[in-house]
Amino acid sequence: MNEISLAEQIIDAGSDAERRRLLTAATDGTAEHLSDEIRDLCIASWSSDPTRVQRSAAALRTISKAHPSDHTTANHNWTEGIAAITRGHFEKAVERLDVAIAAFLRLGRGVEAARVKVSKLLALAMLSRYDEAVETGLAAIPILVDSGDQLAAGKIEMNLSNIVSRRGKHSEAE
């Protein structure tokens, strides 16, 4: 069974016990790859399927308990942050996303930390913490551009434009 298929089965599992059963053969390295797959599936579902986002966060909670590492914990907190956004719990989202950013930075994965900031920027904007949102976005853009992740950089630029426009600075938003 490939990791994407197993990741989908873990997300779709009906209980934590079933998720743990699916994980029985996983090594720590496999669990880290699974956590990446589940995180990616969560992000892909974010705007269209909030239930799948919640299930992805639950799956990563199980993985991070069974195979604790900075890597699995970072992915778990990233998905918990996204799940909190889908529930309208923006303060909790910022807290979880900050934990994920710190974990990715400890791992030397600055690009992943910058990608988490796409989510964090949105949560900060929803809290009307515009200065922090702009600072977060501006810090992430060069890292994302240098890594070739134009999509994530573009999402940040679009969100920054919306924030500046909300503040009545329409020419700056352009």
Side-chain angles (χ1 to χ4, degrees), residues 3-4 7 10-11 28-29 31-65 67-164:
E3 287 179 2
I4 294 174
I10 293 169
I11 292 170
D28 287 341
E32 289 183 357
H33 290 294
L34 281 171
S35 76
D36 289 339
E37 292 295 341
I38 292 170
R39 178 207 62 214
D40 290 345
L41 291 166
C42 175
I43 292 168
S45 302
W46 181 0
S47 61
S48 61
D49 192 351
T51 301
R52 189 146 177 90
V53 169
Q54 306 300 323
R55 295 178 70 80
S56 298
L60 276 165
R61 185 177 320 112
T62 301
I63 290 173
S64 69
K65 285 180 183 176
H67 297 275
S69 69
D70 274 347
H71 189 106
T72 59
T73 299
N75 281 327
H76 170 234
N77 280 290
W78 190 353
T79 60
E80 284 287 349
I82 293 171
I85 290 170
T86 67
R87 291 188 304 266
H89 300 155
F90 302 112
E91 285 288 350
K92 179 180 179 184
V94 170
E95 291 169 12
R96 291 300 196 128
L97 296 168
D98 279 339
V99 171
I101 290 166
F104 281 125
L105 290 174
R106 278 193 307 277
L107 290 166
R109 295 179 64 184
V111 174
E112 293 300 322
R115 287 182 180 133
V116 175
K117 291 180 181 183
V118 175
S119 310
K120 181 180 177 185
L121 181 146
L122 176 64
L124 289 167
M126 296 304 292
L127 291 166
S128 299
R129 291 165 53 183
Y130 299 130
D131 290 338
E132 288 177 73
V134 169
E135 183 180 315
T136 297
L138 291 176
I141 288 172
I143 297 165
L144 296 168
V145 169
D146 287 348
S147 75
D149 192 344
Q150 300 299 323
L151 179 61
K155 287 178 182 179
I156 288 178
E157 288 176 348
M158 192 167 66
N159 285 322
L160 289 176
S161 176
N162 289 334
I163 289 168
V164 173

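This one's a predicted model, so the numbers in the text were calculated from it and none came from an experiment. Each residue takes its place number in the sequence, starting with 1.
Heavy atoms only, all atoms of each residue included: Ala114 and Ile143 are closest at CB-CG2, 3.8 Å. The nearest pair of heavy atoms linking Trp78 to Ile43 is CZ2-CD1, 3.6 Å. Nearest heavy atom pair, residue Ala123 against residue Val94, reads CB-CG2, 3.7 Å. Closest heavy-atom contact between Asp70 and Ala103: O-CB, 3.9 Å. Listed here is the closest heavy atom pair of Ile11 and Arg52: CG2-NH1, 3.5 Å. The shortest heavy-atom contact between Ser56 and Ile38 is O-CG2, 3.6 Å.
Just one residue in the list His89, Gln54, Arg61 forms a side-chain hydrogen bond (donor to acceptor under 3.5 Å, both in side chains) with Glu80, and that residue is Arg61.
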TODO: Check step by step if side-chain contact (heavy atoms from CB on, under 4.5 Å) holds for Ile63 and Leu34.
DONE: CA-CA 8 Å; Ile63 290 173; Leu34 281 171; 4.2 Å; yes
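Here the OG1-NE2 distance, from Thr62 to His67, works out to 10.5 Å after rounding to the nearest 0.5 Å. Residue Glu37 holds its CD atom at 10.5 Å from CG of Asn75, rounded to the nearest 0.5 Å. Atom CG of Leu105 is separated from atom CD of Glu112 by 11.0 Å, given to the nearest 0.5 angstrom.
By the side-chain hydrogen bond (donor to acceptor under 3.5 Å, both in side chains) test, Glu132 is found to be paired with Arg129, residues two or more places apart in sequence or in another chain being considered. For Asp40, the side-chain hydrogen bond (donor to acceptor under 3.5 Å, both in side chains) criterion is met by no residue, not counting sequence neighbours.
The neighbour count for Glu135 CD, taken as heavy atoms of other residues, nucleotides or ligands under 6.0 Å away, does not exceed 12.
Sorted by first and then second residue, the salt bridge (charged side-chain N to carboxylate O under 4.0 Å, His left out) pairs with a member in residues 138-162 read Arg115-Asp149; sequence neighbours excluded.
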